[in-house]
Protein chains: 2
Amino acid sequence: MISFDAFKPTDGTPIYQQILLYIERGAVAGTIRDGDELPSRRVLSALLGINPNTVQKAFHLLEEEDLIESQAGAKSVMKIDEEKIRKLRENLLREDIRSITGALRQMGISREEAIRLIGQYWDEE
Amino acid sequence: MISFDAFKPTDGTPIYQQILLYIERGAVAGTIRDGDELPSRRVLSALLGINPNTVQKAFHLLEEEDLIESQAGAKSVMKIDEEKIRKLRENLLREDIRSITGALRQMGISREEAIRLIGQYWDEE
DNA sequence: TTGACTGTATTATATGGCTAGTACAGTTGG
DNA sequence: CCAACTGTACTAGCCATATAATACAGTCAA
């Protein structure tokens with residue numbers, strides 16, 4: 001059963017998107033594996049203190065991305081292989097890193113300073 | 001007059017926030033300076049193809065942050081000094097970099113790989 | 001088998017972002 | 001002076017996000 005202990009929702013981004021990202025990043029990290037069971041919509045919504053429909057929206061999108069498999073009556077399970085994870089990793093990395101390099105460039109920060117800053121902030125958590 | 005030629009709105013983030021960030025990052029970069037005139041709400045909204053109220057919302061927030069000064073009838077002007085810019089830079093950097101380090105960590109990426117990836121993507125633009 | 005769980009679907013309401021249109025008072029330049 | 005600009009304010013509508021309540025059919029374990 002996939003754990004959501006490490007899921008800390010932020011405001012600003014839609015919750016259903018954060019759930020989506022949590023699953024996708026877990027798959028890339030290898031902490032979420034093929035065949036793993038997801039909590040039911042009702043259980044997870046109660047756990048996170050949000051509406052079941054919001055969880056359903058996230059799971060429905062995972063279904064459309066073909067990352068999970070659902071059938072009425074049974075829990076949804078992860079359906080991922082090496083190839084899907086490889087593409088996922090590439091897409092998530094590109095999206096995330098593009099945004100930060102764009103932001104730093106707009107602030108007039110050089111490549112060297114950017115690298116120094118990432119290293120500095122990496123340790124401050 | 002501050003130019004918005006480099007302003008390329010993305011969808012996903014509210015437009016008024018992107019305008020806010022564009023001004024703030026420009027101030028940090030030094031391309032936007034104290035005393036610089038901002039385009040009028042009507043002119044800028046026409047230029048960006050958005051609603052005047054959306055620009056007004058962004059400018060109103062800049063007013064609340066004490067980064068611009070507005071008076072009815074006249075154009076708004078930048079009102080920034082070294083100290084404001086220093087704080088702005090610190091806050092924007094912390095916010096931006098925290099989000100990327102958090103995302104990379106969730107994907108199980110090491111500090112060294114993170115730095116390598118930033119350097120790699122930096123050149124690919 | 002059967003009761004408690006599961007996924008799925010529907011309708012309704014509230015809020016925030018964005019658009020559209022209108023209005024009014026202050027300034028600026030010819 | 002005054003016409004054209006400026007900032008500011010307001011109402012109304014649309015769409016996405018999130019909530020709330022309910023319903024129904026399929027799965028699964030005791």
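So that the names make sense, note that chain A is the first sequence line, chain B the second, and so on, each numbered from 1. We use all heavy atoms of the structure for the numbers below, so side chains are in, but hydrogens, waters and symmetry mates are not.
- Contacts between residues 40-48 of chain A and DNA chain C, counted as heavy-atom distances below 4.0 Å, involve S40(A), R41(A), R42(A), V43(A).
- Under a hydrophobic-cluster definition in which Ile, Leu, Val, Met, Phe, Trp and Tyr are linked whenever side-chain heavy atoms come within less than 4.5 Å, directly or via other members, I23(B) and V43(B) are assigned to different clusters.
- Across residues 60-80 of chain A, S70(A), Q71(A), A72(A), G73(A), A74(A), K75(A), S76(A) each have a non-hydrogen atom less than 4.0 Å from an atom of DNA chain C (numbered order).
- By the 4.5 Å heavy-atom criterion applied to side chains, K75(B) and L38(B) are not counted as neighbours.
- Near DNA chain D, meaning a heavy atom under 4.0 Å from it, residues 9-18 of chain A has P14(A), I15(A), Y16(A) in order of number.
- Applying the salt bridge (Lys or Arg N to Asp or Glu O under 4.0 Å) test to pairs two or more places apart or on separate chains, those with a residue in residues 54-71 of chain A are D66(A)-K79(A), D66(A)-K84(A), E69(A)-K79(A).
- Surrounding CD of E95(A) are at most 12 heavy atoms belonging to other residues, nucleotides or ligands under 6.0 Å away.
- Remark: E82(B) engages no residue in a side-chain hydrogen bond (donor to acceptor under 3.5 Å, both in side chains) (not counting sequence neighbours).
- Residue pairs meeting the ring-ring contact (aromatic ring centres under 6.0 Å, His included) criterion with at least one member in residues 48-101 of chain A: none, sequence neighbours excluded.
- In summary, contact between chain A and DNA chain D, defined as any nucleotide atom under 4.0 Å from a heavy atom of the protein, begins and ends at dT17(D) to dT27(D) in the 5' to 3' direction.
- Just one of R89(B), E83(B), E90(B) meets the side-chain contact (heavy atoms from CB on, under 4.5 Å) condition when paired with K87(B); it is E83(B).
- On the nucleic acid side, DNA chain C contacts chain B at distances under 4.0 Å to non-hydrogen atoms, with the end points of that region at dG17(C) to dT28(C).
- R105(B) places a side-chain N or O within donor-acceptor distance of the main-chain N or O of W122(A), the cut-off being under 3.5 Å.
- Contacts of R41(A) classified as salt bridge (charged side-chain N to carboxylate O under 4.0 Å, His left out), with partners at least two apart in sequence or in another chain: none.
- Legend: ring-ring contact (aromatic ring centres under 6.0 Å, His included) pairs involving residues 19-56 of chain A, not counting sequence neighbours, sorted by first then second residue: F4(A)-Y22(A), F7(A)-Y22(A).
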Where do I19(A) and L48(A) land on the side-chain contact (heavy atoms from CB on, under 4.5 Å) test, with the steps shown first? CA-CA 10 Å; I19(A) 295 175; L48(A) 302 182; 4.2 Å; yes
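- Note on residues 11-21 of chain B: no pairs pass side-chain hydrogen bond (donor to acceptor under 3.5 Å, both in side chains), not counting sequence neighbours.
- Although no hydrogens or angles enter the test, the distance criterion places a donor-acceptor pair under 3.5 Å between the side chain of T31(B) and the main chain of G26(B).
- Residues in residues 19-38 of chain B take part in these salt bridge (Lys or Arg N to Asp or Glu O under 4.0 Å) pairs, two or more places apart or across chains: R25(B)-D96(B).
- A side-chain donor-acceptor contact under 3.5 Å links R111(A) to the backbone of G119(B).
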